[in-house]
Structure formats: structure tokens, C-alpha cells
Amino acid sequence: MSSSDAFSGSGADPSPGQNITAQFFKVQRQYQQVLDRWTPHVLQRWLSTAGLLALFFLRILFAQGWYIVCYAHAIYLLNLLLAFLQPKFDPSLQDDLMADEIEEGGDAGATSPLPSQRDDEFRPFVRRLPEWQFWLSATRATLIAIFCTFSEVFDVPVYWPILVVYFFVLFALTMRRQIQHMIKYKYIPFDIGRKTRYGSK
């Protein structure tokens with residue numbers, strides 16, 4: 001037997017675990033490539049998510065069940081919306097830091113990192129939850145909620161009008177608190193209509 005035959009015959013076949021790992025990373029790369037292609041298409045992404053939400057609500061409406069799944073999904077979307085509207089850096093913490101700097105003899109004229117209508121310079125609003133993560137989490141949650149409606153395990157009997165009233169009360173209270181927070185710290189969670197003032201004299 002030649003040395004080349006011995007070398008080729010000595011190579012061990014990959015184990016089943018290595019094959020599974022390789023396939024997993026391959027699927028993960030393909031999934032990431034699909035997400036990367038979707039990234040610049042903001043309107044199409046949100047329209048597709050809105051279609052999934054409409055499909056989910058139609059499923060709940062016609063099946064007359066899975067109200068607890070619908071309620072949990074709505075609460076999760078509300079939490080995502082609040083994180084999307086909130087700044088990445090807590091302005092109350094910024095106020096405390098600025099107060100400490102003033103007490104230590106720092107610059108009393110330091111400005112808040114949050115944008116406001118009175119700013120002459122355009123400063124983008126940095127969100128706690130970026131738009132991409134908001135869309136991705138909402139879409140995943142909607143798909144999971146749709147799949148849950150095909151299992152009787154999640155069809156817990158509940159008086160749904162109470163859930164509806166409780167959700168709208170919770171939504172009103174949380175949005176009121178968020179608006180008060182925006183007014184108190186004078187920031188705007190959207191950049192619409194402010195970019196035109198960038199670099200203005």
C-alpha cells in the first residue's frame with residue numbers, strides 16, 4: 001500500500017454531531033441572509049406583519065377561542081411599543097448625573113442628549129428598542145401566537161370581555177404615563193419634520 005493510500009484511508013468520517021452542527025450553522029446563515037435582504041424594506045416588512053396580525057385576529061374571531069393567547073400577545077406587543085417609544089438612556093438618570101456634576105462644580109449648561117423641538121441642531125432619537133428589533137420581535141411573536149391557536153392546550157376558557165376592558169385600561173394608563181414622561185423631559189420619539197433644520201443658520 002502506498003503512503004498516499006494510507007493517508008487517504010486514515011481520515012475519519014465526521015460524526016453525526018458534527019453533521020448536525022454544520023447543518024444548523026448552514027440554516028442559520030441562510031436565515032440571516034433572508035433577514036439581511038428584508039432590512040431596507042421597512043414598509044413591506046410592516047405590511048407583512050400587519051397581514052399576519054389580521055390573520056391571527058381572524059383566527060381568534062372565527063374560532064371563538066384562544067382569548068388568553070390573544071391577550072398575552074397584545075400585552076407583549078404593548079411592551080414592545082413602549083420600549084420603541086422610550087429613549088435608550090433614561091433621562092431621569094441623566095438628570096441625576098447632571099445634578100451631581102453641578103454639585104461637583106461641573107458645567108451647569110450641559111444639554112440633555114434627548115432631542116426636542118427647541119433644538120437648533122438635529123440630534124436623532126436613540127431608542128431603547130430599535131425599529132428592526134421591534135419588527136422582528138413582533139413578527140416572531142405573531143407567528144408563535146398563530147401556531148398556539150392550533151393547540152387545544154392554550155384554549156383556556158375565560159370571559160373575554162374582561163380581558164378586552166383590562167387591556168384597553170392598561171393601554172390608556174401606560175400611554176398616558178409615556179406621554180407625561182415625554183412632556184416632562186421634553187423629547188420627541190420621532191425624527192419626522194426635524195431633519196430639515198440640521199445645519200440651519
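Side-chain atoms of F154 and T149, non-hydrogen and from C-beta on, never get closer than 4.5 Å to each other. No side-chain heavy atom of M182 sits less than 4.5 Å from a side-chain heavy atom of L85. T174 has its side chain out of reach of L81: every pair of non-hydrogen atoms, C-beta onward, lies at least 4.5 Å apart. Side-chain contact check for P189 versus F84: every heavy-atom pair is 4.5 Å or farther apart. Here the side chains of L47 and Q44 are not in contact, with every heavy-atom distance at 4.5 Å or above.
Residue F150 is not grouped with residue I144 when hydrophobic side chains (ILVMFWY) are merged at heavy-atom distances under 4.5 angstrom, including chains of intermediate members. I162 and F168 are not part of a single hydrophobic cluster, where members link through side-chain heavy atoms under 4.5 Å apart. Under a hydrophobic clustering in which Ile, Leu, Val, Met, Phe, Trp and Tyr are joined whenever their side-chain heavy atoms come within less than 4.5 Å, directly or via other members, I68 and V164 fall into the same cluster. Grouping the Ile, Leu, Val, Met, Phe, Trp and Tyr side chains by contacts below 4.5 angstrom, directly or via other members, places L143 with Y31. If you chain together hydrophobic residues whose side chains sit under 4.5 Å apart, L136 and V42 fall into the same group.
Here CH2 of W132 is found 5.5 Å from CZ of R45. Values are rounded to the nearest 0.5 Å. A distance of 13.0 Å separates CD1 in I179 from NE2 in H181, rounded to the nearest 0.5 Å. One finds the CG atom of L78 at 6.0 Å from the CG atom of L170 (value rounded to the nearest 0.5 Å). To the nearest 0.5 Å, atoms CH2 (W38) and CH2 (W135) are separated by 6.0 Å. With values rounded to the nearest 0.5 angstrom, L58 atom CG is found 11.0 Å from L53 atom CG. Taking CZ from R177 and CD from Q180, the interatomic distance works out to 9.5 Å, rounded to the nearest 0.5 Å.
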Checking side-chain contact (heavy atoms from CB on, under 4.5 Å) for the pair F167/L163: CA distance, chi angles, key distance, verdict?
CA-CA 6 Å; F167 172 77; L163 295 181; over 6 Å; no
Start with the C-alpha distance between E152 and W66, add both sets of side-chain angles, then the distance that settles side-chain contact (heavy atoms from CB on, under 4.5 Å), and finish with yes or no.
CA-CA 8 Å; E152 295 294 333; W66 292 278; 4.0 Å; yes
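The two atoms that bring A141 and H73 nearest to each other are C-CE1, 3.5 Å, heavy atoms only. Of all the heavy atoms in K88 and R127, the pair that sits closest is CB-O, 3.5 Å. Shown here for L129 and L80, the closest heavy-atom pair between the two residues is CD2-O, 3.6 Å.
With no hydrogens or angles considered, a side-chain donor-acceptor pair links D36 and Q32 at under 3.5 Å.
You'll find the ring centres of W46 and F134 inside the 6.0 Å limit.
The backbone N or O of L35 sits less than 3.5 Å from a side-chain atom of T39, completing a donor-acceptor pair.
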